[in-house]
Structure formats: structure tokens, C-alpha cells
Amino acid sequence: MSARGRRAAKRVAQWLAHSRVRPALVLCSDAVRTRETLALVHAAIGAPEVGFERQLYLASKTKLLGRLRKLDDAFRCVMLIGHNPGLQELALTLLPKDAVLERDKISAKFPTAAIVRLGFAGASWSDLGREKTRLIAYVVPRELDD
């Protein structure tokens, strides 16, 4: 991971800790960079169950959405750590229609360690889609204070 990537992950870790983001599960690509990112934010997010999955490496938005829709409904909060362009496209797919400003920002650029935090009002992960999400936050590391 580059020095810039480490700085970005550390800034995001501070934001995650301050925001009290506590996923029950982290799904992480098994790539070296994503493992490094997880290592840098892990202390900030509590002690979630972690799954390193080869199929998340450079996965398309369709594969990522399919994986999320197969989650056990016992998991109420899940973090996905992966790669672009799949993550950027997934964020745009799940972003609610009223999040126009964020849609423009995410379309223009989805930098390393960016976070799209969504709330999901569905009864089951199999129902995951734009109609049942709300935007909680879009976080870009360079916009965070050190």
C-alpha cells in the first residue's frame, strides 16, 4: 500500500471510530491492499467477524450485489472492502434517488478508502436494492481532518 493509501485508511479509521460504526461482519477481498486497509481500520470498528473472499477481487457491481444479497439475515451491519470500479458502481446502484449531490461526486471519483454508508430498511438481504436504502454518509479521506 502506498503512503497516501495508508494516510487515507488512517483518516477513515478515525472517522469510523468517531461515528461508532460497528459492523458485525466485514467481507474483504483477499488482495494484499484490501487486507492492509482492513488492518488499519480494524481497531476502529470493534471485533467483527471477517471473511476474506477471493471472489471479491475486482468483482463487478453485479457480483458484489449478488454476494450481499446472499448474506445471513442475522448480520445487521456489514462492511465491504473491495476494489474499483466494482465498488463505485455498486455504490451508484444502491444510492437512493434523492442523493443527487453524492451521486455526482461518486460518479466523478471514488478514491481509495472512500466510504459510502447506507442504511437498509429491508427485511432480508435478498431484498437489497436502491428502493430500500438511505444514504447515511459519503466520506472521502482527503476531506477529513487529521
Side-chain angles (χ1 to χ4, degrees), residues 1-96 99 102-144:
M1 176 182 288
S2 70
R4 189 185 63 138
R6 279 191 295 281
R7 283 191 306 274
K10 288 177 183 178
R11 283 181 168 178
V12 166
Q14 290 173 343
W15 181 86
L16 289 166
H18 177 76
S19 301
R20 297 184 179 150
V21 174
R22 298 290 182 268
L25 173 67
V26 175
L27 293 177
C28 185
S29 162
D30 68 349
V32 171
R33 283 182 324 189
T34 51
R35 287 175 178 267
E36 290 173 346
T37 299
L38 177 57
L40 290 168
V41 302
H42 195 263
I45 58 174
E49 183 177 325
V50 176
F52 294 103
E53 299 186 3
R54 180 170 301 270
Q55 69 266 25
L56 298 179
Y57 181 71
L58 298 178
S60 68
K61 72 176 181 182
T62 303
K63 284 187 179 183
L64 294 171
L65 183 58
R67 176 62 183 100
L68 291 173
R69 286 180 172 160
K70 291 178 184 172
L71 285 170
D72 184 324
D73 292 332
F75 292 113
R76 302 292 302 147
C77 181
V78 176
M79 179 181 282
L80 181 61
I81 301 176
H83 310 273
N84 275 337
L87 278 181
Q88 180 180 25
E89 292 169 356
L90 177 66
L92 292 168
T93 297
L94 293 176
L95 206 62
E102 290 82 2
R103 179 174 306 284
D104 290 345
K105 287 181 177 181
I106 293 168
S107 292
K109 183 166 174 123
F110 196 72
T112 299
I115 293 178
V116 172
R117 186 173 181 200
L118 299 170
F120 172 54
S124 172
W125 283 103
S126 62
D127 299 329
L128 182 61
R130 169 180 294 163
E131 325 67 54
K132 296 185 180 181
T133 63
R134 66 181 170 79
L135 178 66
I136 297 171
Y138 172 52
V139 178
V140 177
R142 75 174 181 279
E143 295 175 1
L144 297 172

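- Counting only distance, with no hydrogens or angles, the side chain of Gln88 and the backbone of Ile106 share a donor-acceptor pair below 3.5 Å.
- To the nearest 0.5 Å, atoms SG (Cys28) and CD1 (Ile81) are separated by 4.5 Å.
- Aromatic ring orientation, Tyr138 versus Phe110: parallel (interplanar angle below 30°, classes split at 30° and 60°).
- Looking at every heavy atom in both residues, Ala9 comes nearest to Ala113 through N-CB, 4.1 Å.
- Without hydrogens or angle criteria, Arg134 side chain to Pro96 main chain gives no donor-acceptor distance under 3.5 Å.
- Distance alone, capped at 3.5 Å, is enough to place a donor-acceptor pair between the Ser124 side chain and the Ser126 backbone.
- Side chains of Leu135 and Leu118 form a contact here, defined as non-hydrogen atoms less than 4.5 Å apart.
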Review point. So Thr112 and Arg33, side chain to side chain contact (heavy atoms under 4.5 Å, CB included) or not? Walk me through it.
Key: CA-CA 10 Å; Thr112 299; Arg33 283 182 324 189; over 6 Å; no
Inset, instruction - Determine, step by step, whether Thr34 and Phe52 satisfy the side chain to side chain contact (heavy atoms under 4.5 Å, CB included) criterion, reporting the C-alpha distance in whole Å, the side-chain angles of both residues, the deciding distance to 0.1 Å, and the verdict. - result: CA-CA 9 Å; Thr34 51; Phe52 294 103; over 6 Å; no
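- Under a cut-off of 6.0 angstrom, the local environment of CZ in Arg22 is crowded, with over 12 non-hydrogen atoms contributed by other residues, nucleotides or ligands.
- Ala13 and Leu40 get closest at one heavy-atom pair: CB-O, 3.6 Å.
- In plain terms, the two heavy atoms of Arg103 and Leu95 that are nearest each other are NH2-O, 2.9 Å.
- Annotation: the span from His83 atom NE2 to Leu64 atom CG amounts to 9.5 Å, rounded to 0.5 Å.
- For Phe120, the ring pair (Phe, Tyr, Trp, His ring centres under 6.0 Å) test picks out Trp125, with sequence neighbours left out.
- Contact record, Leu92 with Arg130: O-NH2, 2.7 Å, taken as the closest heavy-atom pair.
- Two residues are said to be in side-chain contact when any heavy atoms from C-beta on lie closer than 4.5 Å; Val139 and Arg117 fail this criterion.
- In this structure, CG on Leu25 lies 13.5 Å from CZ on Arg76, to the nearest 0.5 angstrom.
- The minimum heavy-atom distance between Lys61 and Leu90, with the atom names listed, is CB-N, 3.6 Å.
- Within the 4.5 Å cutoff, the side chain of His42 has heavy atoms near those of the Pro48 side chain.
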- request: Evaluate side chain to side chain contact (heavy atoms under 4.5 Å, CB included) for Lys109 paired with Val140, printing each intermediate quantity in order.
  value: CA-CA 10 Å; Lys109 183 166 174 123; Val140 177; over 6 Å; no
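- How far CZ of Arg67 is from CG of Leu56: 7.0 Å, rounded to the nearest 0.5 Å.
- Nearest heavy atom pair, residue Arg11 against residue Arg142, reads NH1-CA, 3.4 Å.
- Considering only heavy atoms from C-beta on, Leu144 stays 4.5 Å or farther from Gln14 through its side chain.
- Between the side chain of Thr133 and the backbone N or O of Leu94 there is at least one donor-acceptor pair closer than 3.5 Å.
- Around atom OH of Tyr57, no more than 12 heavy atoms belonging to other residues, nucleotides or ligands sit under 6.0 Å away.
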| task | I would like to know whether Ile115 and Val21 meet side chain to side chain contact (heavy atoms under 4.5 Å, CB included); could you show each step before the answer? | result | CA-CA 11 Å; Ile115 293 178; Val21 174; over 6 Å; no
